[in-house]
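This report refers to the structure that appears directly beneath it.
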Amino acid sequence: MQKLWIASAPTGWQEGLSLLTEDLHFTLDPAGLPLTAELSDHLAVRFDGAAAVISCREKAHFFRGAALLLHALAQGKPAFYLEETPGFERTGAMFDVSRNAVLRPESVRLLLRKMACMGLNAAMLYTEDTYEIPGYPYFGYMRGAYTAQELKDLDDYADALGIELIPCIQTLGHLKNALRWSKMQPLADTASVLLCDDEEVYRFIEAAVASITGCLRSKKIHVGMDEAMDLGLGNHLRKHGYEDGFSIIRRHLDRVMEILRRHGLRPMMWSDMYFRLASASGHYYDLDGAVPQSVIDAAPKDMDLVYWDYYHEDEGFYKEYIQRHKEFPGRVIFAGGLWTWSTLTVHNGHAFRTSIPALRQCREQGVDEVYATVWGDDGAECSQIASLLGLQLYAEYTFASDVSMELLKDRFAACTGEDMDAFLALSRMDVLDAAPGDPLPPDESYATRELLYTDPLLDLYAENYKAYDLRDHYRKLAGELAAYAAQSPSCAVIFRAASVLAELMADKCVIARNLRSAYAAKDRETLERLAKTDLPALIRKTEALRAAWRELWFTFNKPFGYELLDVRFGGIAARLETAAVRVTDYLEGRVPGIEELEAEHLPMDSVYYWSGAISASTTIG
């Protein structure tokens with residue numbers, strides 16, 4: 001193990017470095033290699049064979065330099081020199097801790113350490129209702145909300161690593177979990193949107209701001225305000241009559257700004273409501289929509305706008321939209337997506353194809369603050385730790401305008417100790433080989449979720465996937481992922497769970513097809529085998545998946561929220577059992593036929609939510 005000794009460094013830098021000894025596999029020892037840290041506008045790492053010097057402007061960059069130095073030493077390089085110039089003042093990550101999964105504090109510390117090794121210097125925990133507000137006991141009730149002490153401890157830890165932990169809350173929409181309770185409903189306009197112009201709402205927002213900022217030293221705050229598409233159309237409409245959204249949000253923003261200024265904060269908010277209200281279709285990315293100049297002129301000068309975009313792949317669109325954001329008086333901040341949502345693994349392909357052109361344009365257009373968002377939409381089935389490769393991508397584009405995959409692989413190994421190929425294998429769960437007659441294969445589709453949750457008797461996605469050799473795809477992937485699990489230093493549980501998923505999918509993806517074909521052919525022998533052998537075996541594999549995902553969840557997350565995944569995975573097993581019962585009843589003459597297997601199949605749209613893959617029926621209404 002490499003030994004280092006800090007010969008000279010700014011105050012506090014050695015203490016932060018000591019937190020990284022296990023991650024970077026070194027010890028601090030007076031007999032070790034002398035390392036000097038000095039301040040500079042750029043990052044330079046020099047090793048002459050006898051001593052090392054890291055020049056940089058801040059702590060997080062020093063830790064990146066240390067990671068690259070130690071990687072070079074481990075490779076046996078006799079001398080080493082690297083120079084990089086940061087293209088952004090601030091590069092960070094936003095971790096969603098509001099969609100079922102609340103990261104354990106030790107998991108946040110793990111991510112913070114990996115981020116520091118990459119040179120990232122900002123982080124947010126996206127908390128809709130997963131923090132405490134004194135006087136509001138139903139806010140975050142049974143959701144695993146962070147205590148004030150947990151947040152204070154995480155803030156101290158982040159600060160030691162040179163990372164600014166920025167509070168991130170909601171002050172308009174996305175509060176459905178909190179507003180569902182009767183005690184909170186007086187604050188509601190609609191199911192998820194606060195009642196603007198109501199004094200109790202502003203007392204609540206003041207309490208929220210005071211609570212979260214009292215835990216964190218940063219004077220920045222993200223106040224959300226996105227996707228409130230039904231703003232003014234619920235209780236506000238009944239109380240005040242119809243009013244255009246621009247007027248409502250302008251007054252609301254003025255009141256929120258009064259609170260934020262009183263607390264001495266520099267706020268940021270998502271920009272989409274400005275653009276949605278200007279669009280005839282209500283879309284964020286409507287190139288035909290134009291925000292009225294009067295609205296732009298009225299926007300607060302001390303409110304930064306966060307342009308979020310997880311979808312576009314051409315630099316031209318990012319250039320256009322960054323320029324439109326620059327028309328507002330506040331600073332422009334960019335947020336891209338690492339595609340951890342609505343998937344069980346991670347979609348690195350989407351993340352790369354959308355983030356690379358965005359980051360290039362941010363550098364070119366002078367946007368100096370960027371964030372990688374790690375969302376957990378629809379249940380947070382994907383571990384947020386699987387975002388590490390995407391975070392490395394943001395780090396590399398912070399320190400260079402162009403990054404090769406070879407360089408990314410090397411830096412990922414240096415900063416995390418992980419293998420890039422393993423994380424790319426996770427992404428292949430939903431990348432299917434081209435079907436006969438298809439010009440292009442589906443790329444990072446929702447295939448695994450659709451096929452995992454689809455009912456074995458109804459088989460809603462039969463038409464969509466009938467031409468694919470899914471069994472071979474999943475079998476090969478299961479073996480690869482199991483091998484990566486054996487090699488991963490800190491993410492083995494992620495690869496183990498993914499391997500179990502692929503093993504299940506290799507059989508689950510064909511069971512419905514086999515049931516239907518055997519039933520159509522009146523092949524009683526095959527139907528009996530399916531009912532007595534194949535379906536029970538698949539139930540056991542489903543239980544193995546549930547156990548694997550339970551281990552994954554409890555390794556990194558607080559327990560709250562996992563109960564919903566138990567319901568989902570348990571539901572798969574229950575329907576497999578029912579399928580076996582239905583087939584047996586048919587074979588033994590208790591029913592004349594199996595109506596589900598006789599129903600016509602039609603092509604289906606992809607589904608964003610797991611419930612859409614299960615059934616054509618609904619419990620709504």
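None of the values given here were measured: they were computed from a predicted structure.
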query: With the threshold set at 4.0 Å, does a side-chain nitrogen-carboxylate oxygen contact exist between Asp286 and Arg276?
result: no

Distance-only side-chain donor-acceptor flag, Trp341 / Tyr310, under 3.5 Å: no

query: Given Val108 and Tyr146, is the side chain to side chain contact (heavy atoms under 4.5 Å, CB included) satisfied, shown in steps?
result: CA-CA 12 Å; Val108 179; Tyr146 291 110; 3.9 Å; yes

- prompt: How far does OG of Ser192 sit from CG of Asp230, to the nearest 0.5 angstrom?
  reply: 5.5 Å

message: Looking only at the side chains, is there a donor atom on one of Ser342 and Tyr446 sitting less than 3.5 Å from an acceptor on the other?
response: no

message: Quick one, Asp455 with Glu596, criterion side chain to side chain contact (heavy atoms under 4.5 Å, CB included). Give me CA distance, side-chain angles, the key distance, then yes/no.
response: CA-CA 10 Å; Asp455 187 85; Glu596 303 96 313; 6.0 Å; no

- prompt: About how many Å separate CZ of Phe554 and CH2 of Trp549, when rounded to the nearest 0.5 Å?
  reply: 15.0 Å

- prompt: Are Asp153 and Tyr157 linked by a side-chain donor-acceptor pair shorter than 3.5 Å?
  reply: no

statement: Test ring pair (Phe, Tyr, Trp, His ring centres under 6.0 Å), reference Trp308, set Trp375, Tyr318, Tyr284, output is Tyr284

Distance-only donor-acceptor check, side chains Arg180 and Tyr138, under 3.5 Å: no

- prompt: Would Asp507 and Lys541 pass as an ion pair if we require N to O under 4.0 Å?
  reply: yes

- prompt: Which pair of non-hydrogen atoms, one from Trp553 and one from Gly561, has the smallest distance, and what is that distance?
  reply: CZ2-C, 3.7 Å

query: Does the distance from a Lys or Arg side-chain N to an Asp or Glu carboxylate O, for Lys114 and Glu418, drop under 4.0 Å?
result: no

- prompt: Strictly under 6.0 Å, is that where the ring centroids of Phe423 and Phe495 end up?
  reply: yes

query: Rounded to the nearest 0.5 Å, how far does CZ of Arg568 lie from CD of Glu563?
result: 11.0 Å

task: Please determine, by modelled atom types, if Tyr484 and Ser499 share a side-chain donor-acceptor pair under 3.5 angstrom.
output: no

- request: Using a strict 4.0 Å threshold on nitrogen-to-oxygen distance, state whether Arg540 and Glu543 make a salt bridge.
  value: no

query: Out of curiosity, Lys508 NZ to Ile572 CD1, how far, rounded to the nearest 0.5 Å?
result: 6.5 Å

- prompt: Hey, are Arg449 and Glu381 close enough for a salt bridge, meaning a charged N less than 4.0 Å from a carboxylate O?
  reply: yes

field: Basic-acidic side-chain contact under 4.0 Å: Arg513, Asp459
entry: no

statement: To the nearest 0.5 Å, atom CZ of Arg109 lies from atom CZ of Arg104 at 12.0 Å

